[in-house]
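Right, one structure below, let's go through it.
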There are 2 protein chains.
Amino acid sequence: MPVSPLFRPIDVAPAYQKVADAIEREIVNGRIKPGDPIGTEHDLVRQFGVNRSTIREGIRVLEEGGLISRDSSRRLHACLPRYSKLASRLSRALVLHEVTFRELYEASMTLEVASVEGAVKSATEENLAELTDNLVRSEAVVGNPAALAECDAEFHVLVAKASQNRVLQLAREPAAQLFYPTTEMIVTGVAEGGPRLVAAHGHLIDAIRRRDREAGVLWTRRHLQDWRRGFEKIASLDRSVEHVYMEHAQAARRR
Amino acid sequence: MPVSPLFRPIDVAPAYQKVADAIEREIVNGRIKPGDPIGTEHDLVRQFGVNRSTIREGIRVLEEGGLISRDSSRRLHACLPRYSKLASRLSRALVLHEVTFRELYEASMTLEVASVEGAVKSATEENLAELTDNLVRSEAVVGNPAALAECDAEFHVLVAKASQNRVLQLAREPAAQLFYPTTEMIVTGVAEGGPRLVAAHGHLIDAIRRRDREAGVLWTRRHLQDWRRGFEKIASLDRSVEHVYMEHAQAARRR
DNA sequence: ACTCTAACTTTGTCGGACAAAGGGACGGAA
DNA sequence: TTCCGTCCCTTTGTCCGACAAAGTTAGAGT
């Protein structure tokens, strides 16, 4: 028969984990706000009553999670986790899970269409200015695949931003980090790829400005189908994403 | 004038970071496969030629990133990052960014509909069996809000799994981790909420089995609109997600 | 008030140490 | 021979103390 619950389960966890959890709690529940200083390692040693090595292990955990970081003088402070850094963790995981380009393509078809729909509904003048600026820069580098691919990635980040939906912004980022690097390969291999890409961006901006949902969705679909056609000229959609693409994500994380 | 590029930039990073990067590279590019042992801390001390404290800090970074973990005997081995753990990082970030329930709702409307469409197209018999099993368990706890909310969360994970699209699975998880805990509050406060939820699940399984895309989309929309109506009885959609919901995510992470 | 320097702090790394827990080997019992 | 218990070794988590490099602060001098 079950004994009466005289004792609560004891929280048994390594000290460094408890340190990390304690600091995380204070940040997540808002008692420590982003930007607030955390104190020196020595402070934490005194407060938690554990050794500095233990504190440092706890700090590493939080740092990797993006909850705290070190400023120019290496002092600790809480901070807002950055989407691109978090997303690169996810990209890495997707690579390890050996997802296929088909999965990437189909998920992106959903996520990018939703982004554009959001942008059509909610884009501000500032968003449109950013997008237009991006378009101008894209046109200038249409013959340079690496630079154009980078512009393309930025363009879609800006579209997602224009949707004013941060959940969507975050949800699309991991796939995008793996998806858009291939753009470089495609516009390198397919001559008309660059101009088509830039033209599609132009139509998309236009649709967003005119708040024309139909057109936005249509051009997003076309844009992605272009990608697909280009990609299928160089590889099968059922190939899994390989580690080479991670180099982009890693570079983005450090940036 | 620019000097000729005689020297490459020196990679200046803390030793623990280099240790983490080196191990990460081996895992991501496949030379160390998930499940492979990493060796003891002492081994790594010898291989990298740095102090054990330094090795340990590097290990914490990788552990937090989900790339390595310790088995029952605390030995290190590479592993496939788990979606729920990664997603809880993202949920945490969303809370810190103070996203609103409206953002969560609108993003989920997209993500869950896409999941169901994928499930309608690709669900296997095994997927259907899992879903049906979940339904049976849900019916058994329809009067218990906490247990029902848990079943609901699991149901939608299973639907995403049935889509066979791991990118989508991962993309929807962060929003879901914040979204579904509210279910408990809703079915507690709204008497007919529980039965309606279970009924919707039943219709969804039916649609997936019949490969009826229209019905799948319809019932997903209804299901989410039910959530919305229920939620608006207890709070505004424009309220931001608060830290209390993180407790669920934290519990899920440790599980 | 401004600048330059010297003293102090903080971080990153190192070396060694020890208790607790687990794994493995060895020997004895069934 | 196979099973089981004990002893030893390894590994991890934690602690202590130390030091160089880089940054910060305070104070002296102009």
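Naming convention: chains lettered A, B, ... in sequence-line order (proteins, then strands); numbering from 1 in each chain. No experiment lies behind these values; they were computed from the predicted model shown.
- Taken from CD1 in I23(B) to CG in L44(B), the straight-line distance is 5.0 Å, to the nearest 0.5 Å.
- In terms of heavy atoms, L67(A) sits closest to L96(B) at CD1-CD1, 4.0 Å.
- The side chain of S73(A) lies closest to dT24(D), out of dT24(D), dG13(D), dT13(C).
- To the nearest angstrom, P of dG23(C) lies 14 Å from CZ of R70(B).
- Residues from residues 46-53 of chain B that place a heavy atom under 4.0 Å from any atom of DNA chain D, listed by number: R52(B).
- Side chains of E57(B) and T54(B): a donor-acceptor N/O pair is absent below 3.5 angstrom, by distance only.
- We find that OH of Y16(B) is positioned 13 Å from P of dC14(C), with the value rounded to whole Å.
- No option in L168(A), L170(A), V167(A) other than V167(A) meets the side-chain contact (heavy atoms from CB on, under 4.5 Å) test with E103(B).
- Following rounding to the nearest Å, E57(B) (CD) and dT12(D) (P) show an atom-to-atom distance of 16 Å.
- To the nearest angstrom, C1' of dT11(D) lies 10 Å from CG of L76(B).
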Show me the side-chain donor-acceptor pairs of residues 151-159 of chain A shorter than 3.5 Å, one per line, residues at least two apart or across chains.
from	atom 1	to	atom 2	distance (Å)
D152(A)	OD1	H156(A)	NE2	3.1
D152(A)	OD1	H201(A)	NE2	2.7
D152(A)	OD2	T183(A)	OG1	3.4
E154(A)	OE2	N134(A)	ND2	3.4
E154(A)	OE2	R137(A)	NH2	2.7
H156(A)	ND1	Y180(A)	OH	3.4
H156(A)	NE2	H223(A)	NE2	3.1

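- Residues R74(B) and T54(A) both approach DNA chain D. Their nearest nucleotides, taken by heavy-atom distance, put R74(B) toward the 5′ side.
- Taking each heavy atom of I59(A) and E41(A) in turn, the nearest pair found is CD1-CG, 4.0 Å.
- The nearest whole Å value for the distance from the NZ atom in K18(A) to the C1' atom in dT14(D) is 13 Å.
- Between I55(A) atom CD1 and dG12(C) atom C1' the separation is 16 Å, expressed in whole Å.
- Distances shown here put a side-chain N or O of R60(A) below 4.0 Å from the OP1 or OP2 atom of dG12(C).
- A donor and an acceptor atom, one from each side chain of W227(A) and S108(A), are nowhere located under 3.5 Å apart.
- Ranking dG13(D), dG12(C), dT11(D) by closeness to the R56(B) side chain, first place goes to dG13(D).
- In this structure, the separation between CZ on R70(B) and SG on C79(B) is 12.0 Å, given to the nearest 0.5 Å.
- Against DNA chain D, the stretch residues 35-43 of chain A makes no heavy-atom approach under 4.0 Å.
- Rounded to an integer number of Å, the gap from NE2 of H77(B) to P of dT11(D) is 16 Å.
- Separation of atoms CZ (R31(A)) and CG (D36(A)) is listed at 12.5 Å; rounding is to 0.5 Å.
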